[in-house]
Engineer: 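One structure follows; several queries about it will come next.
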Amino acid sequence: MGSAFDPLVTPSNLTQDELKKRAAYKAVEYVKSGMVVGLGTGSTAKHAVARIAELLRQGKLQNIIGIPTSTTTHEQAVSLGIPLSDLDSHPVVDLSIDGADEVDPSLNLVKGRGGSLLREKMVEGASKKFVVIVDDSKLVPHLGGSGLAVPVEVVPFCCDFTRGKLEELFREAGCKAKLRVKEETVAVTDNGNYVVDLYLERDMGDLEAASEKILRLPGVVEHGMFLGIATTLIVAGKSGLLVQNR
Ligand code: 5RP
């Protein structure tokens, strides 16, 4: 694993959103004309989408095809005039850029607190290069240890049954599994599914084993742990940009 540190030349009183933008702009430096580019979802990724559109308008990038990871990103990209396609037509993606909710030292991620984990995993898993962009608040020693949730996308059919089974799986880690609710109604993903959020009091142990256990449960569609998928991490902190490769 290699890393490089790039001090910011701007004042150190940047807001969290400005840090996200720094990381996003740095990631867009990896985009070259003619590439098929996975477009991530969230408040960090939206800066990358906007930057790609800006470079296309300026003629500094040409012939980019974007593969959006959510309906929200699809709408943003369409409004900015980025040509779009999908994995059916472009099963190999040159490069994806997306945010994350947690990043561990091996570049494993938790994603999906914005609810787009399935499409993100499909697009980013099909990418030759996946650049993750975060501000330094997202760095954790172990996934699932930040007190925030590990999301799991489940089918609506008997979702409380699946929720209970997920809670049982990680009982030893003090798991509380909660069906995600937004504005007092159950949150529905772009795929018409629900999300169960796993809140863990303790580390869930071996991540690959945890992943297998979750995916084996009937009713589960996908989970938000992205293990071994990210190839590059760009972290923006008050003192600079850190670029780390796997
Ligand atoms: C959405 C995601 C986002 O990438 C993740 O939630 C990070 O979002 P943000 O950049 O807004 O912090 O996985 O499903």
Side-chain angles (χ1 to χ4, degrees), residues 14-28 37-52 66-77 93 95-104 107-127 129-140 143-154 178-182 186-199 211 214 220-237 241-242:
L14 295 175
T15 64
Q16 198 179 22
D17 191 54
E18 285 163 336
L19 291 176
K20 291 177 180 192
K21 193 168 175 179
R22 291 273 160 179
Y25 276 41
K26 183 74 184 170
V28 173
V37 182
L39 306 174
T41 298
S43 58
T44 317
K46 78 169 198 269
H47 290 300
V49 176
R51 179 66 173 158
I52 290 168
I67 312 284
T69 55
S70 64
T71 53
T72 305
T73 300
H74 186 280
E75 282 164 19
Q76 184 198 5
V93 178
L95 168 78
S96 284
I97 301 174
D98 202 355
D101 302 299
E102 290 182 3
V103 185
D104 81 5
L107 306 199
N108 295 315
L109 318 173
V110 170
K111 288 185 50 55
R113 290 191 188 132
S116 307
L117 62 105
L118 175 59
R119 294 190 189 191
E120 290 172 337
K121 200 178 271 190
M122 289 177 74
V123 173
E124 288 146 20
S127 301
K129 217 170 175 0
F130 172 27
V131 181
V132 180
I133 45 177
V134 293
D135 65 81
D136 56 4
S137 69
K138 306 291 184 69
L139 303 181
V140 297
L143 297 190
S146 67
L148 298 172
V150 175
V152 181
E153 183 156 342
V154 302
K178 295 187 183 163
L179 185 65
R180 189 178 293 183
V181 170
K182 203 174 166 190
V186 59
V188 180
T189 69
D190 285 347
N191 317 299
N193 294 316
Y194 295 167
V195 176
V196 171
D197 285 312
L198 307 183
Y199 293 90
S211 162
I214 297 172
V220 165
V221 179
E222 190 49 89
H223 62 70
M225 287 187 289
F226 285 46
L227 309 179
I229 300 178
T231 56
T232 301
L233 171 68
I234 299 178
V235 186
L241 277 175
L242 179 74

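Counting from 1, the numbers follow the sequence of the chain as shown. We count ligands from 1, going down the list as the structure has it; atoms in each ligand are counted the same way.
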Engineer: With rounding to the nearest 0.5 angstrom, report the CD1 to NZ distance, Ile97 to Lys129.
Structural biologist: 10.5 Å

Engineer: List every atom of ligand 1 that sits less than 4.0 Å from any heavy atom of Thr41, numbering the atoms from 1 in the order shown and giving each element.
Structural biologist: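 Near Thr41, the atoms of ligand 1 are 1 (C), 2 (C), 3 (C), 4 (O).
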
Engineer: Among protein heavy atoms, which sits nearest to atom 12 (O) of ligand 1, and what does the distance come to when rounded to 0.1 Å?
Structural biologist: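 Ranked first by proximity to atom 12 (O) of ligand 1 is Lys138 NZ, 2.6 Å.
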
Engineer: Salt bridge check: are Lys111 and Glu222 linked by an N-O gap of less than 4.0 Å?
Structural biologist: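 Not counted as a salt bridge, because no side-chain N and carboxylate O are separated by less than 4.0 Å.
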
Engineer: Within ligand 1, which atoms have a heavy atom of Gly42 less than 4.0 Å away?
Structural biologist: 11 (O)

Engineer: Which of the listed options, Lys111, Arg113, Gln16, Glu120, holds the heavy atom that is closest to atom 1 (C) of ligand 1?
Structural biologist: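 Ranked by closest heavy atom to atom 1 (C) of ligand 1, first place is Glu120.
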
Engineer: Find all atoms of ligand 1 within a distance of less than 4.0 Å from any non-hydrogen atom belonging to Gly114, and give their numbers and elements.
Structural biologist: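 Here the atoms of ligand 1 in question are 1 (C), 6 (O), 14 (O).
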
Engineer: Given the rule in the side chain to side chain donor-acceptor pair (under 3.5 Å) test, do Ser127 and Glu124 qualify, once you have shown the distances and angles that lead to the verdict?
Structural biologist: CA-CA 5 Å; Ser127 301; Glu124 288 146 20; over 6 Å; no

Engineer: Got a salt bridge between Asp197 and Arg180, using NZ or NE/NH1/NH2 to carboxylate O under 4.0 Å?
Structural biologist: yes

Engineer: Tell me, which protein residue and heavy-atom name are nearest atom 6 (O) of ligand 1, and how many Å apart are they?
Structural biologist: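 Here the nearest protein heavy atom works out to Asp101 OD1, 2.6 Å.
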
Engineer: Look at atom 10 (O) of ligand 1 and say which protein heavy atom is nearest, naming residue and atom and giving the distance to 0.1 Å.
Structural biologist: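 Of every protein heavy atom, Thr44 OG1, 2.5 Å lies nearest to atom 10 (O) of ligand 1.
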
Engineer: Are Gly112 and ligand 1 in contact, using a heavy-atom cut-off of under 4.0 Å?
Structural biologist: yes

Engineer: Run Arg119 and Glu153 through salt bridge (Lys or Arg N to Asp or Glu O under 4.0 Å) and show every step you take.
Structural biologist: CA-CA 11 Å; Arg119 294 190 189 191; Glu153 183 156 342; over 6 Å; no

Engineer: For ligand 1, which atoms sit closer than 4.0 Å to a heavy atom of Gly99?
Structural biologist: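 Near Gly99, the atoms of ligand 1 are 4 (O).
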
Engineer: Around atom 9 (P) of ligand 1, find the nearest protein heavy atom and jot down its residue, atom name and distance.
Structural biologist: Ser43 OG, 3.3 Å

Engineer: Mind checking whether Val134 contacts ligand 1 via backbone (N, CA, C, O), side chain (CB onward), both or neither, at a 4.0 Å heavy-atom cut-off?
Structural biologist: neither

Engineer: Which residue owns the protein heavy atom closest to atom 14 (O) of ligand 1, what's the atom, and how far is it?
Structural biologist: Ser116 N, 3.0 Å

Engineer: Within the structure provided, determine whether Asp101 and Leu148 are in side-chain contact (heavy-atom separation under 4.5 Å).
Structural biologist: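 They are not in side-chain contact.
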
Engineer: Only heavy atoms of Gly115, strictly under 4.0 Å: list the atoms of ligand 1 that pass.
Structural biologist: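 Per the distance check, 14 (O).
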
Engineer: Is Lys46 near ligand 1, meaning one of its heavy atoms is under 4.0 Å from it?
Structural biologist: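 Checking ligand 1 against Lys46, which is what was asked, there is no heavy-atom contact under 4.0 Å.
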
Engineer: Below 4.0 Å, non-hydrogen atoms only: which portion of Ala100 touches ligand 1? Side chain, backbone, both or neither.
Structural biologist: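 Contact part for Ala100 vs ligand 1: backbone (N, CA, C, O).
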
